[in-house]
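Inspection log for the structure reproduced underneath, given as structure tokens.
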2 protein chains.
Amino acid sequence: MRKLKDENTEEQILDAAKHIFQSKGMDGARMQEIADKAGINKAMLHYYYRSKQLLFEAVFKNAFSLLAPQLNAILNDDSSIEEKVKNFTSDYITFIVKHPYLPNFIIQELNRNPEFLLKMKDTNGFPNIEKFKKQVDREVEQGIIKPISAEQLFLNIMALNIFPFVAKPLIRAFTNTDNEAYNQLIEARKTEVADFIINAIKNS
Amino acid sequence: MRKLKDENTEEQILDAAKHIFQSKGMDGARMQEIADKAGINKAMLHYYYRSKQLLFEAVFKNAFSLLAPQLNAILNDDSSIEEKVKNFTSDYITFIVKHPYLPNFIIQELNRNPEFLLKMKDTNGFPNIEKFKKQVDREVEQGIIKPISAEQLFLNIMALNIFPFVAKPLIRAFTNTDNEAYNQLIEARKTEVADFIINAIKNS
DNA sequence: ACATGGTTTAACCAAGTGGTTAACAAATGT
DNA sequence: ACATTTGTTAACCACTTGGTTAAACCATGT
């Protein structure tokens, strides 16, 4: 039973750390609070993860490894751009609704410390635009979509899907929507965003 | 000369506080660092602003009062939606290039403490969607633009314009662009984003 | 039974935190 | 000239922070 106990504690710590780090950020998080949430002694955090920085990095990598496959779906899949936009928009929103703190966490911490991405860039599965670039250029050339660079299109897709979660408090205030109404707005975006993008780029 | 001296110090503090708070956030900022940056004694921060929280609020309100008029340009102006989209996209990007930390700062701190907006909501000039809503409904009814709710359209415009600044490190990594190339990408968006939006909503 | 190893705990620590204070400097009113 | 008010400083304070440690705990192999 020893082994089970270890892994259990280690996982409990990571679980608690996810909650605290993702809602309060590296600077706002407190080791004691993580320990309390995990229901264990603070010394255990250091026993398993050595330092706050390393515990944070474990949480960040974990979060990033959840997000990366989602983005690869639009960058590396073989179906048409139109199809990918439709699928991605729906899938991504569904995904983030289950992990609401995720995009904001990653964006905030990367702005705090951009060099941190370098550690991650050579891990395989790191999203890369190259394949998508060729596909966009091809569909533009074939006249399927209007002229646009892959970077701009990718940025637009990311923006329309991620931003509503990141800027939720701000947009809620401007649009006078309560929490539930905003969630409905988000839900509607599963199809509306795809239509918006396709209208914008498709040649008629 | 007394008055001049006072205002000078008070302003130097606010200036330094802007830099530190906007780049490190409330939790990451240190009063001593702000004092050092301003080149004055730490006690002066409390003399003029009482506490870290109040100094932070002064910085936040200042930042917000810079941003709000920009957003009101698209919500309250009387010109057509197409025209406003064009103007806003260009103006807003120009504006943020001059204040690069601003959107991220506001979004970050609002996520940390959403209730904070309530303090701000009744100040006049607080962006409100109501007028824009009527305009969108009218243009939809007149067949100028495709059916879309004002909230979704507003959210899309915000997303496409703000997100590239907020997610800069992330997008730079995925698209393998260096800082200068990314700035060019942003520069191009001054017109590309407007075209993208108008293509998406305009009835042909 | 007992030695062994990893696991867990309470108590502790040095460094840093926001904030205060008492004395000093400088400008102003009279 | 002098008292008063305002601005400024260095030293200080209570408290929190991440991190350590030494002793206790406990499952296992022999």
Side-chain angles (χ1 to χ4, degrees), chain A residues 1-63 105 108-109 112-113 116 119, chain B residues 1-62 105 108-109 112-113 115-116 119:
Chain A
M1 285 292 103
R2 174 87 114 323
K3 196 128 197 210
L4 211 117
K5 225 176 173 183
D6 300 1
E7 284 175 14
N8 227 347
T9 311
E10 196 168 343
E11 239 174 83
Q12 281 177 321
I13 293 174
L14 197 66
D15 260 19
K18 274 185 213 172
H19 272 99
I20 304 295
F21 275 130
Q22 290 184 11
S23 62
K24 308 206 166 181
M26 170 69 169
D27 292 332
R30 295 290 165 254
M31 293 297 266
Q32 188 61 59
E33 196 179 356
I34 294 172
D36 291 347
K37 179 139 209 160
I40 50 125
N41 190 282
K42 179 167 71 90
M44 299 306 283
L45 306 187
H46 294 96
Y47 182 77
Y48 284 105
Y49 293 92
R50 296 192 52 122
S51 69
K52 186 184 185 185
Q53 179 64 28
L54 286 174
L55 176 56
F56 170 80
E57 290 184 14
V59 170
F60 187 89
K61 281 174 186 162
N62 185 291
F105 171 64
Q108 170 180 4
E109 299 303 329
R112 210 180 49 88
N113 183 11
F116 196 62
K119 287 186 192 169
Chain B
M1 283 290 106
R2 171 87 115 324
K3 198 125 196 213
L4 211 115
K5 223 177 174 182
D6 299 1
E7 284 175 15
N8 226 347
T9 311
E10 196 168 344
E11 240 175 81
Q12 281 176 321
I13 293 174
L14 197 66
D15 260 18
K18 275 185 211 170
H19 272 99
I20 304 295
F21 275 130
Q22 290 185 9
S23 61
K24 307 206 168 182
M26 171 68 169
D27 292 331
R30 295 289 164 253
M31 294 296 267
Q32 187 60 61
E33 195 179 356
I34 294 172
D36 291 347
K37 178 138 207 159
I40 50 121
N41 190 284
K42 179 166 72 88
M44 298 307 284
L45 305 188
H46 294 97
Y47 181 79
Y48 284 105
Y49 294 91
R50 296 191 53 122
S51 69
K52 187 184 183 184
Q53 179 64 28
L54 286 175
L55 176 54
F56 171 80
E57 290 183 15
V59 170
F60 187 90
K61 281 175 187 162
N62 185 292
F105 171 66
Q108 229 38 258
E109 300 302 329
R112 208 179 50 88
N113 184 10
E115 313 87 56
F116 195 63
K119 287 187 193 170

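Note that the structure is a prediction, hence the values are computed from the model and not measured. Letters A, B, ... mirror the listed sequences (proteins, then strands); counts begin at 1. Values below: all heavy atoms of this structure, side chains included; hydrogens, waters and symmetry mates excluded.
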Taking atom [atom2] of [N] as reference, at what distance in whole Å does atom [atom1] of [X] sit?
{"X": "B:R50", "N": "C:dG19", "atom1": "CZ", "atom2": "P", "value": "10 Å"}
{"X": "B:D36", "N": "D:dT8", "atom1": "CG", "atom2": "P", "value": "16 Å"}
{"X": "A:K42", "N": "D:dG18", "atom1": "NZ", "atom2": "P", "value": "7 Å"}
{"X": "A:Q32", "N": "C:dC13", "atom1": "CD", "atom2": "C1'", "value": "15 Å"}
{"X": "A:F56", "N": "D:dT17", "atom1": "CZ", "atom2": "P", "value": "18 Å"}
{"X": "B:Y47", "N": "D:dT5", "atom1": "OH", "atom2": "P", "value": "13 Å"}
{"X": "B:H46", "N": "C:dG19", "atom1": "NE2", "atom2": "P", "value": "4 Å"}
{"X": "A:E10", "N": "C:dG6", "atom1": "CD", "atom2": "C1'", "value": "13 Å"}

Given [N], is OP1 or OP2 found less than 4.0 Å from the side-chain N or O atoms of [X]?
{"X": "B:Y48", "N": "D:dT8", "value": "yes"}
{"X": "A:R30", "N": "D:dG18", "value": "yes"}
{"X": "A:T9", "N": "C:dT8", "value": "yes"}

Item to check | Smallest separation among heavy atoms of B:R30 and B:I20, with atom names | outcome: N-CG2, 4.4 Å
Next on the checklist: Need to verify one output field. Residue with the more 5' nearest nucleotide on DNA chain D, A:M31 or A:A43?
Outcome noted: A:M31
Checklist outcome for this item: Per atom distances to the B:N41 side chain, the nearest of D:dA10, D:dT21, D:dG18 is D:dA10
Item to check | Nearest to side-chain heavy atoms of A:M44, which nucleotide of D:dT9, D:dG19, C:dT9 | outcome: C:dT9
Item to check | B:K37 vs B:E33, side chain to side chain contact (heavy atoms under 4.5 Å, CB included): CA-CA, chis, key distance, verdict | outcome: CA-CA 6 Å; B:K37 178 138 207 159; B:E33 195 179 356; 5.8 Å; no
Checklist entry - Side chains of B:E109 and B:N113: donor-acceptor distance under 3.5 Å anywhere? => result no
Checklist entry - Under 6.0 Å from the six-membered ring centre of B:F56 and within 45° of its axis: does the NZ or CZ of B:R112 meet both? => result yes
Checklist entry - So what does A:A35 touch, heavy atoms closer than 4.0 Å: a base, only the sugar-phosphate, or nothing? => result nothing
Checklist entry - Looking at CG of A:D15 and CD1 of A:I34, how far apart are the two atoms once the value is rounded to the nearest 0.5 Å? => result 12.0 Å
Next on the checklist: Any N or O donor-acceptor pair under 3.5 Å from the base of D:dG19 to the side chain of A:K52?
Outcome noted: no
